[in-house]
Protein chains: 2
Amino acid sequence: MFMGEYSPALDDKGRVSIPVKLRKAFGEDALVEKLVVTHGLDKCLMAFRNEEWNEFVEKKLMPLSQSDPKNRMSVRFLVGGACECELDKQGRMVIPSNLLKYAGITNDVIILGLFNKIEIWSKEVYEECRPDGAIMNSFADELGF
Amino acid sequence: MFMGEYSPALDDKGRVSIPVKLRKAFGEDALVEKLVVTHGLDKCLMAFRNEEWNEFVEKKLMPLSQSDPKNRMSVRFLVGGACECELDKQGRMVIPSNLLKYAGITNDVIILGLFNKIEIWSKEVYEECRPDGAIMNSFADELGF
DNA sequence: TTAAAAATGGGGAAAAGTGGTGAATTTTGT
DNA sequence: ACAAAATTCACCACTTTTCCCCATTTTTAA
């Protein structure tokens, strides 16, 4: 289960290092070695473990009717944008330039763990829309706090 | 499984190079050496491995009733437009000029991997209709994000 | 404070992409 | 039908990018 916020940097070679806490999120022994990265909703990227990605593609994406232009665009957005990124021995991965551009990532990065997925943001972009306590007021009751 | 976005160029000789990641998409050892290219839905071309193309033709196209004029047109569009393109030792293929014209391809190209097929776009054309995050909002629930 | 783990920076080898040349085949004109 | 020209095709060589690993710095924990 992914959780938490981290802020590594994009180095000169386009690498982002994935924190060990996230790599260990699915069992202490087996570090995550590979992530599927693609366009996220909002101006960010999302990354999945292979297992989650494959399940998602098979169950949600492949059944979509290709006669609907909107479905075709969605598949292009998600699968056409996807990249299987291997982590090097130090836990870093190279993110393709088209994805970096989409998310507006140039230097500092914010990585969020969100149960089954990871979100990757440009720090500047994320600070613009970072959620604060106020947004929770309408939810507090139904969440049971 | 094809995935990802790539942007090679059409060179002076009408060759487009297919990225190694796509050529390896169906097993590390066996690089794709040949693709069947034909008209795509929307203003692009689509390309298949022989296996996928044959299955598609047999299961979807051949059963179509030839008494329906719409079916006859579909077969002309897909089979009449198809070309078996071999890749050279460097992974490039020559695309017939009628297909280039259909897709409006003159210089820069965008290639998308979409699980069982590859789409080939003119870069200019694709930028005009490139999907963004907004298109996904209506799907978020049903896709399970 | 010290040791271990994690993050960061960098360099070298290998792979992939690109341009180009010569042979072979097809087309054209006489 | 034959020769010349043009186009196509296959492969070679160079440039660029990518990948993988080593070394150093920084952080964390004992």
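By convention in this document, chain letters (A, B, ...) are assigned in the order of the sequence lines, proteins followed by strands, and residues within each chain are numbered from 1. Note that the coordinates shown come from a computational prediction; the quantities given were computed from them, not determined experimentally.
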Measure the distance from [atom1] on [X] to [atom2] on [N] and round it to the nearest whole Å.
X: B/D88; N: C/dT18; atom1: CG; atom2: P; result: 12 Å
X: B/L10; N: C/dG19; atom1: CG; atom2: C1'; result: 14 Å
X: A/K34; N: D/dC20; atom1: NZ; atom2: P; result: 12 Å
X: B/Y6; N: D/dT18; atom1: OH; atom2: P; result: 12 Å
X: B/K89; N: C/dT18; atom1: NZ; atom2: C1'; result: 17 Å
X: A/N107; N: C/dT8; atom1: CG; atom2: P; result: 13 Å
X: A/R23; N: C/dA7; atom1: CZ; atom2: P; result: 9 Å
X: B/E84; N: D/dC9; atom1: CD; atom2: P; result: 13 Å

More than 12 heavy atoms from other groups under 6.0 Å of CD on A/E142: yes
Between [options], which nucleotide has the shortest distance from any of its atoms to the side chain of [X]?
X: A/S17; options: C/dA7, C/dG9, C/dG17; value: C/dA7
X: A/R92; options: C/dG19, C/dA7, C/dG10; value: C/dG10
X: A/R15; options: C/dG19, C/dT18, D/dC20; value: D/dC20

A/W53 and A/E55: side chain donor to acceptor below 3.5 Å: no
5'-most by nearest nucleotide on DNA chain C - B/V20 or A/K21: A/K21
Derivation and outcome, side-chain contact (heavy atoms from CB on, under 4.5 Å), residues A/W121 and A/I111: CA-CA 6 Å; A/W121 291 77; A/I111 297 188; over 6 Å; no
Side chain B/K13 and base C/dT21 donor-acceptor under 3.5 Å: yes
Phosphate OP1/OP2 of C/dA5 contacted by A/K24 side-chain N/O (<4.0 Å): no
Axial bend angle, the helix from C/dT1-D/dA30 to C/dT30-D/dA1: five-pair end segments, nearest 10°: 30°
A/F2 and A/F26 aromatic ring geometry - parallel, tilted or perpendicular at 30°/60° bounds: perpendicular
Residue pairs involving residues 90-110 of chain B (criterion salt bridge (charged side-chain N to carboxylate O under 4.0 Å, His left out); sequence neighbours excluded): B/D88-B/R92
Verify same cluster id: B/L64, B/F77 (apolar side-chain graph, 4.5 Å): yes
Hydrophobic cluster membership, B/F56 vs B/V32, 4.5 Å side-chain cutoff: yes
